Amino acid sequence: VTASTVRRPDATGYVERGGVRVFWERYGDGEPTILLVPPWSIVHSRCWKAQIPYLARHYRVLSFDPRGNGGSDRPPEPTAYAEPEFAADALAVLDATETERAVVVTLSLGAQRTLLLAAEHRERVLGVAFIAPFFPASPVRGLRWRIMLNPRLRPLFFIRPPLALGWLKFNAAYWRTDYPRFVDWYMRRVCSTPHSSRQLEDCIEWARETDANTLIPTIGGGLAAPATPKAQTAIARRLRCPVLVISAPDDKVTSHADARALATATGGQLLSVPGGGHTPQARKPVAVNLALRAFVENAFTGDSRPFRGAHTVA
Amino acid sequence: VRVFYEVYGDSPDTVCMLPPWALMDSRTWRLQVPYLARHFSVIAIDPRGNGRSDRPPRREAYSRAAHVRDVIAVLDAVGAGAAMMISASPRGALLLALCVEHPERVRAAVFITPQLWIEPGFFKAFTAGSRERYEDLENMNPDNWRRDYRAFVEWFAGWTAPNPHSTRQIEEMVRHGLQTDPETLINATTGFEMFEREEALRLAREEVSCPVLVTQNGGQAMYPKHTSGPLAEATGGRLHVFEGLGPVVYARWPVAMNIVLREFLEGVRSGAISGRAAAAT
């Protein structure tokens, strides 16, 4: 026995859409299938490293790298990074692996593409677990992302701020000259809770597998719906499957209030994981994995009584 | 003197996690107990001087014989005839004493990075007297403990868990250390008689008959590899080296440790792993 034994995929492949290749992996052969939908392209599918070995013991697990990182292509145009493109990639992975239906688990910005997938392809989605969802719908705490993604303010994204302090670092000109410093700052927001040194090291490493010129177009593609509470809530209300939302009150990237708003809009259950920061799946993997397993068992056996109410794990 | 213990699980096969050095309490085994308790009954004992056990203010109360009696008293209290026993670091000497004095109560013995005799470097530091500054191992000094106990505990935790990503382990060790005080720790350290090297190896060779597992990691001066190898050889036991892993494997790489422990304990339970006594008959 050494430090760790890596769980290797049982199959890998690419789907190609519009000349863009997306890399996928398959693990295990249980029922049902779990589709892991990736977050923002600053990281890739290794963000599921603490889920895959566990889930693959019980289920068939599919993961894929987002356009812009990992084993997937890095198209240069912003339209290639529109959320409908990621949703279509997810669907293409289901098709390529001959998967009729899956429970979808997603993280952060992946919430947007997953909302599209679940709203428009209900017959393919048994249930959705959103972790630290990007869903800027809460009145106050969702405001920062709504401002940052406002189309009228978009030119500011390309103009270097006089002082790149805090969230002003979320800027194309700053990324072009100071990408490593942006990554370091941003990932410290992502991995903000105590004892996250390993998680931080991972996130920085994955961010270095892409670059500023690849990430800049990912910001311009457009969300699942306009970044307004009304439009975001409207698409979430279209979901009919069981929903679990996992979020940490100490998340410094996407707010707990947004997660609660998503649980409310979908009629889903909210699980609060204190200490999880923006990466509950990496920082509190046992709590998250057990919750995912309970959710999958429930969604798959067809007991789709609405999950309602909130509770907290230690 | 009251000694606190807990029992987890309800298997007829009992595993006893021996009390660690009084700088820690039985929560030292927090990453082993839930796993092992799925397969065995597990007893965890707080040492005299820490946790929920008493802190008698006398050096004699921390003798090796007192610790042996504590373990036997706990086994009696829970109605366990014999147990598979697991020790860490200097409490390997406690386990060796149990094997020698109560062979019928020790079904198997696991020595994790054992120390059985006083290491020369440790002895030198401990007896060096008061000084202006303490560097590295010099911190293992009673005057230093009395002068700034918290600083010592923090140094010890960082020195014991030097690998990256050990902040949680360090935090836990500091918490344990601050549950006791320098005078108690000095009594618990000086009151517990370690073996002479030759005597320890002779006893291991001639008196230990149960199945034995010795584990060793990358190691530091205080946990020398030169104890593990000779002990495994003298007892006719197995030696497992965690190649590439640093100190406190049980806290920093618990999965690696738990798998090795379980494989050994299951082997003992099934009879696939036997001691010299059984092998001889």
Side-chain angles (χ1 to χ4, degrees), chain A residues 1-8 43 46-58 184 187-208 248 250 252 273-291 293 313-314, chain B residues 27 30-38 110 112-113 154 157-158 161-175 213-219 228 238-267 273:
Chain A
V1 178
T2 53
S4 64
T5 309
V6 177
R7 175 69 163 92
R8 304 277 176 199
V43 297
R46 288 294 289 159
C47 67
W48 305 113
K49 63 186 265 193
Q51 278 64 55
I52 288 170
Y54 174 77
L55 293 176
R57 272 190 255 155
H58 305 286
D184 189 77
M187 291 312 183
R188 282 172 200 278
R189 307 294 295 175
V190 170
C191 306
S192 60
T193 59
H195 317 304
S196 297
S197 57
R198 185 69 182 98
Q199 290 78 358
L200 178 63
E201 202 174 86
D202 276 344
C203 284
I204 289 173
E205 187 183 316
W206 300 329
R208 284 180 183 160
D250 37 43
K252 287 191 153 69
V273 185
H278 189 53
T279 58
Q281 92 292 353
R283 187 62 194 80
K284 300 284 179 185
V286 174
V288 168
N289 289 352
L290 292 176
R293 180 131 190 255
V313 296
Chain B
R27 293 281 291 163
R30 59 197 280 270
L31 298 175
Q32 280 66 56
V33 168
Y35 175 75
L36 294 178
R38 276 189 251 157
V110 179
I112 296 172
T113 51
E154 288 175 350
N163 289 81
H165 319 306
S166 299
T167 52
R168 184 70 187 90
Q169 288 79 356
I170 289 170
E171 189 178 271
E172 185 73 3
M173 265 192 271
V174 169
R175 189 180 70 76
L213 170 67
V214 184
T215 74
Q216 180 61 52
N217 48 257
S228 311
R238 311 170 155 218
L239 176 65
H240 185 94
V241 180
F242 291 100
E243 295 292 353
L245 303 190
V248 288
V249 174
Y250 55 89
R252 181 62 185 74
W253 293 277
V255 174
M257 175 59 81
N258 289 352
I259 289 171
V260 168
L261 289 178
R262 184 167 170 221
E263 187 192 9
F264 175 74
L265 298 173
E266 293 283 10
I273 298 174

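Keep in mind that what you see is a predicted model, and the values were worked out from it rather than measured. Numbered from 1 within each chain, the chains take letters A, B, ... in sequence-line order. Basis for what follows: all heavy atoms, side chains included, without hydrogens, waters or symmetry-related copies.
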Original post:
Among B/Thr167, B/Val249, B/Ile170, which has the most heavy-atom pairs under 4.5 Å with chain A?
Top reply: B/Thr167

**OP:** With a 4.5 angstrom heavy-atom cut-off, could you sort out which part of A/Gln199 is near chain B: side chain, backbone, both or neither?
**Re:** neither

Subject >> Atom CZ of A/Arg208: over 12 foreign heavy atoms under 6.0 Å >> reply: no

**OP:** Let me know if B/Gln169 has heavy atoms under 4.5 Å from chain A in its side chain, its backbone, both or neither.
**Re:** neither

Subject >> Considering all heavy atoms, the nearest A/Arg198-B/His165 contact >> reply: N-ND1, 3.0 Å

